[in-house]
Amino acid sequence: MRLILASASPRRSDLLARIGVEVAAIDPAEIDETPLPNEKPADYARRIAAAKAAIVAPRHPGAVILAADTVVAAGRRILPKATDAAEVRACMTLLAGRRHHVLSAVTVVDAAGVARHRLSDSIVAFGPLTEKVIQAYADSGEGVGKAGGYAIQGRAEAFVRYLSGSHSGVVGLPLFETRALLGSAGISVG
């Protein structure tokens, strides 16, 4: 059974490799990821993951499609995928010394076209961060392109004082939920 990853994220490919899943092809979906007015973070993550899968599935008949989306939320506020150091700094300033949710939605479309969905909700709490630490992190470039402006698998891991939930979900693909979905679609996972 061929598995198509509807994401260009190298982190998602790496996470799949950790559990022995081989991706036959990578075919990222290009979609508008603008949140809808008053859309809740969990609903947004589910909608985006499902939309990515729905776009990619018709391009690969008979294959299994895996799509995901990760959202960092402070309350009901959806933080952006930081596009530059200024956005990283703004996100980190908001998250410093407080807890937030990281929601990772996964959609798998099986070879028959049946879509299944799962959502991982992790709580992450950052310790207090000085302006100097935030600026140094923003200047490192690591948070650019990342939901909420940080990468827990990098330097930002040192900011985490508490994590409840899925570490891999915070990285970008919750492996527990993904393994279950892939198994139901006929993809053997070790």
Side-chain angles (χ1 to χ4, degrees), residues 5-16 18 26 28-53 55-56 66-107 117-127 129 133-134 137-178:
L5 179 59
S7 172
S9 167
R11 291 169 304 286
R12 290 190 178 120
S13 294
D14 291 346
L15 286 166
L16 288 169
R18 283 190 203 172
I26 295 172
E30 300 296 326
I31 65 168
D32 179 4
E33 295 190 26
T34 305
L36 300 174
N38 301 314
E39 188 171 28
K40 293 178 182 171
D43 296 337
Y44 170 80
R46 286 185 193 101
R47 178 177 64 83
I48 296 299
K52 289 175 181 178
I55 286 172
V56 173
L66 174 93
D69 192 63
T70 300
V71 173
V72 173
R76 292 180 55 121
R77 181 177 176 187
I78 298 169
L79 274 62
K81 287 182 183 166
T83 57
D84 58 24
E87 276 193 329
V88 170
R89 192 171 45 256
C91 289
M92 296 303 289
T93 299
L94 177 66
L95 298 175
R98 67 184 287 193
R99 61 184 232 162
H100 58 278
H101 287 261
V102 179
L103 302 141
S104 285
V106 182
T107 296
H117 316 275
R118 291 272 181 107
L119 179 73
S120 167
D121 182 355
S122 300
I123 298 170
V124 179
F126 281 176
L129 303 173
V133 167
I134 291 170
Y137 186 73
D139 290 345
S140 77
E142 181 180 87
V144 174
K146 309 294 189 307
Y150 74 91
I152 196 169
Q153 70 277 18
R155 298 165 98 180
E157 190 165 11
F159 307 151
V160 177
R161 71 173 174 77
Y162 176 81
L163 169 69
S164 175
S166 170
H167 185 273
S168 61
V170 178
V171 174
L173 187 67
L175 293 178
F176 181 81
E177 291 80 358
T178 299

Practice item. Apply side-chain contact (heavy atoms from CB on, under 4.5 Å) to Y137 and E142, showing your working. Key: CA-CA 7 Å; Y137 186 73; E142 181 180 87; 2.7 Å; yes
Review point. Are any non-hydrogen side-chain atoms of R99 and V124 less than 4.5 angstrom apart?
Key: no
Exercise for review: Could you walk me through whether D139 and V88 pass the side-chain contact (heavy atoms from CB on, under 4.5 Å) test, one step at a time?
Suggested key: CA-CA 9 Å; D139 290 345; V88 170; over 6 Å; no
**Study point:** Non-neighbouring partners of Y44 that pass ring pair (Phe, Tyr, Trp, His ring centres under 6.0 Å), sequence neighbours left out
**Key:** none
Point to revise | D14: partners by salt bridge (Lys or Arg N to Asp or Glu O under 4.0 Å), with sequence neighbours left out | key: none
Check your understanding: V106 versus L66: any side-chain heavy-atom pair under 4.5 Å?
Key -> yes
Exercise for review: Report the C-alpha separation of K81 and T83 in whole Å, then their side-chain angles, then the decisive distance to 0.1 Å, and conclude whether the side-chain contact (heavy atoms from CB on, under 4.5 Å) test is met.
Suggested key: CA-CA 6 Å; K81 287 182 183 166; T83 57; over 6 Å; no
Practice item. Compare every heavy atom of L119 with every heavy atom of A42, then report the nearest pair and how far apart it is. Key: CB-CD2, 3.8 Å
Check your understanding: What closest approach, in Å, do A74 and L95 show between heavy atoms, and which atom pair accounts for it?
Key -> CB-CD2, 4.5 Å
**Study point:** Electrostatic pair R12-D69, nearest N-O below 4.0 angstrom
**Key:** no
Point to revise | Point-to-point distance, once rounded to the nearest 0.5 Å, from CG of L173 to CZ of R18 | key: 10.5 Å
**Study point:** 4.5 Å side-chain heavy-atom contact, V56 and L5
**Key:** no
Point to revise | Pairing of R46 and D43 as salt bridge, 4.0 angstrom limit | key: yes
Study note, to complete from the structure: Between the CD1 atom in I48 and the CG atom in L103, the distance rounded to the nearest 0.5 Å is 13.0 Å
**Study point:** For I31 against A51, the heavy-atom pair lying closest together
**Key:** CD1-CB, 4.0 Å
Review point. With no hydrogens and no angle check, is any side-chain donor or acceptor of S122 less than 3.5 Å from a backbone partner on V170?
Key: no
Taking distance alone, no hydrogens or angles, what donor-acceptor pairs closer than 3.5 Å link side-chain atoms of residues 149-164 to residues at least two apart or in another chain?
from: Y150; atom 1: OH; to: H100; atom 2: NE2; distance (Å): 2.7
from: R155; atom 1: NH1; to: S140; atom 2: OG; distance (Å): 3.4

Exercise for review: Please confirm whether the backbone N or O of A68 pairs with a side-chain atom of K52, one donor and one acceptor, at under 3.5 Å?
Suggested key: yes
Point to revise | With sequence neighbours excluded, residues passing side chain to side chain contact (heavy atoms under 4.5 Å, CB included) with A86 | key: D84, R89
Revision key, fill the gap. One should read off an interatomic distance between R11 CZ and L16 CG, to the nearest 0.5 angstrom, of 12.5 Å
Review point. Which residues satisfy the ring pair (Phe, Tyr, Trp, His ring centres under 6.0 Å) test with H101, sequence neighbours excluded?
Key: none
Practice item. State, with a plain yes or no, whether a side-chain heavy atom of I123 is found less than 4.5 Å away from one of V102. Key: no
Practice item. Determine whether V72 and C91 make a side-chain contact, defined as any pair of heavy atoms from C-beta on separated by less than 4.5 Å. Key: no
Check your understanding: Nearest 0.5 Å, what's the CG-OG1 distance between L15 and T178?
Key -> 8.5 Å
**Study point:** Minimum side-chain heavy-atom gap R76-K40 below 4.5 Å
**Key:** yes
Review point. With T70, which of S9, S120, S104 fulfils side chain to side chain donor-acceptor pair (under 3.5 Å)?
Key: S104
Point to revise | Residues in salt bridge (Lys or Arg N to Asp or Glu O under 4.0 Å) contact with R47, at least two apart in sequence or another chain | key: E39
Exercise for review: Measure from the side-chain N and O atoms of S168 to the backbone N and O of L175, and report whether any donor-acceptor pair falls under 3.5 Å.
Suggested key: yes
Review point. Which distance, rounded to the nearest 0.5 Å, do you find between the CD1 of I134 and the OG1 of T93?
Key: 4.0 Å
